[in-house]
Amino acid sequence: MTVKEGDAARRATAQHTVAEHLRLTAAGRTDEWVKLFATDAVLEFPYAPAGVPQRVMGRDALVAHMSKFPETFDVEFVDLVFHETVDPSLVIAEFRSTGTALSTGKPYEQTCVSVVRTDDDARITHYLDYWNPLVAIEALTPHDVPSDPDRSVTFGG
């Protein structure tokens, strides 16, 4: 196998891992989802609102953080596009979530960009997740409560 073929295979495997991450997240299959991550993986949310950690480290913390997501949102991830990178273990993904905040019945329509690093086994080592916290806050705010950008959300651990 040439270097170019090896890079293509590694890139395809890394992209598959990110696609599986989205599928398992949407399905609420947290126990399977966490196996996509290295044991010391980091999940970062640079724009996390109050009540959501900006950085989650290690599998146990990842499970604790994501455990309430299936009770909070009913979503599917659509329009997945991978942007080519020079490094085959680096994945840049753009996608949308479409669904509902279960506590309010409000729509949850989010656009995301994720920058994901994987190891030699295609396990996620670092997941940098860019999403708009105001969309989550609005979806989780009951109809009879005015919107407030300082309000926290509670799906994170």
Side-chain angles (χ1 to χ4, degrees), residues 1-49 52-102 106-140 153-157:
M1 180 182 305
T2 67
V3 171
K4 191 172 183 179
E5 290 170 334
D7 282 357
R10 182 157 184 184
R11 180 175 289 108
T13 303
Q15 290 175 348
H16 175 76
T17 296
V18 172
E20 278 296 283
H21 153 75
L22 296 175
R23 184 183 70 80
L24 294 171
T25 299
R29 294 164 54 182
T30 307
D31 290 340
E32 293 173 68
W33 167 84
V34 77
K35 293 175 186 172
L36 297 172
F37 289 81
T39 55
D40 59 350
V42 175
L43 181 58
E44 284 192 82
F45 307 103
Y47 302 121
V52 176
Q54 287 192 318
R55 187 176 176 96
V56 180
M57 297 176 58
R59 281 187 177 170
D60 290 343
L62 290 169
V63 169
H65 176 74
M66 289 299 287
S67 64
K68 294 182 183 150
F69 187 87
E71 302 164 16
T72 307
F73 294 108
D74 179 16
V75 298
E76 64 179 310
F77 298 103
V78 298
D79 301 334
L80 175 60
V81 174
F82 292 115
H83 297 279
E84 287 297 314
T85 63
V86 174
D87 180 349
S89 64
L90 174 66
V91 178
I92 298 175
E94 186 176 352
F95 54 94
R96 290 183 318 105
S97 68
T98 182
T100 305
L102 296 174
K106 287 183 173 181
Y108 182 66
E109 306 291 326
Q110 182 76 259
T111 300
C112 303
V113 174
S114 296
V115 180
V116 184
R117 294 200 172 277
T118 60
D119 63 16
D120 291 339
D121 297 318
R123 283 197 171 43
I124 296 167
T125 58
H126 189 256
Y127 196 110
L128 186 57
D129 202 13
Y130 293 97
W131 51 277
N132 184 347
L134 297 177
V135 172
I137 290 167
E138 179 59 32
L140 293 168
V153 294
T154 58
F155 67 85

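Just so you know, these numbers use all the heavy atoms, side chains as well, and skip hydrogens, waters and symmetry mates. For this chain, numbers begin at 1 and follow the sequence in order. Computed from a predicted structure; not experimentally measured.
- A donor-acceptor pair under 3.5 Å links the side-chain atoms of Thr85 to the main chain of Leu90, judged by distance alone.
- Of all heavy-atom pairs between Ala26 and Val75, the closest is CB-O, 3.3 Å.
- Remark: Asp87 CG is packed, more than 12 non-hydrogen atoms of other residues, nucleotides or ligands lying under 6.0 Å away.
- Atom CG of Leu24 is separated from atom NZ of Lys35 by 10.0 Å, given to the nearest 0.5 angstrom.
- The NE2 atom of His65 lies 14.5 Å from the CE atom of Met57; values are rounded to the nearest 0.5 Å.
- In plain terms, the two heavy atoms of Val86 and Arg11 that are nearest each other are O-NH2, 3.5 Å.
- Side chain of Asp121 to backbone of Arg123: no donor-acceptor contact under 3.5 angstrom is found.
- In this structure, Gln54 and Ala48 approach most closely via the heavy-atom pair CG-CB, 4.0 Å.
- Taking each heavy atom of Trp33 and Leu62 in turn, the nearest pair found is CZ3-O, 3.8 Å.
- Thr25 places a side-chain heavy atom less than 4.5 Å from the side chain of His21.
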- Derivation of the side-chain contact (heavy atoms from CB on, under 4.5 Å) call for Tyr130 and Val115: CA-CA 8 Å; Tyr130 293 97; Val115 180; 4.3 Å; yes
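- Scanning for salt bridge (Lys or Arg N to Asp or Glu O under 4.0 Å) contacts around Glu32 gives Arg29, with sequence neighbours left out.
- Between the side chain of Ser114 and the main chain of Asp129, no donor-acceptor pair closer than 3.5 Å is present.
- Gln15 places no side-chain N or O within 3.5 Å of a backbone atom of Val91 that could act as its donor or acceptor partner.
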- Task: Go through the steps to decide whether Glu76 and Thr98 satisfy the test side-chain contact (heavy atoms from CB on, under 4.5 Å), and finish with yes or no.
- Result: CA-CA 6 Å; Glu76 64 179 310; Thr98 182; 3.6 Å; yes
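- Separating the OG1 atom in Thr118 from the CZ atom in Phe37 is a distance of 11.5 Å, to the nearest 0.5 Å.
- For CZ of Arg10, the number of neighbouring non-hydrogen atoms (other residues, nucleotides, ligands) closer than 6.0 Å is greater than 12.
- Of all the heavy atoms in Pro53 and Phe45, the pair that sits closest is O-CD1, 3.4 Å.
- Pro133 approaches Tyr47 most closely through the heavy-atom pair CG-O, 3.0 Å.
- The closest donor-acceptor contact from the side chain of Arg96 to the backbone of Glu109 lies at 3.5 Å or more, if one exists at all.
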- Item | Chi angles and distances behind the side-chain contact (heavy atoms from CB on, under 4.5 Å) call for Glu71, Leu102 | CA-CA 7 Å; Glu71 302 164 16; Leu102 296 174; 5.5 Å; no
- Message: Is there a side-chain contact (heavy atoms from CB on, under 4.5 Å) between Phe73 and Leu140? Walk through the geometry before answering.
- Response: CA-CA 9 Å; Phe73 294 108; Leu140 293 168; 3.8 Å; yes
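- The backbone N or O of Asp119 sits nowhere less than 3.5 Å from a side-chain atom of Thr125 that would complete a donor-acceptor pair.
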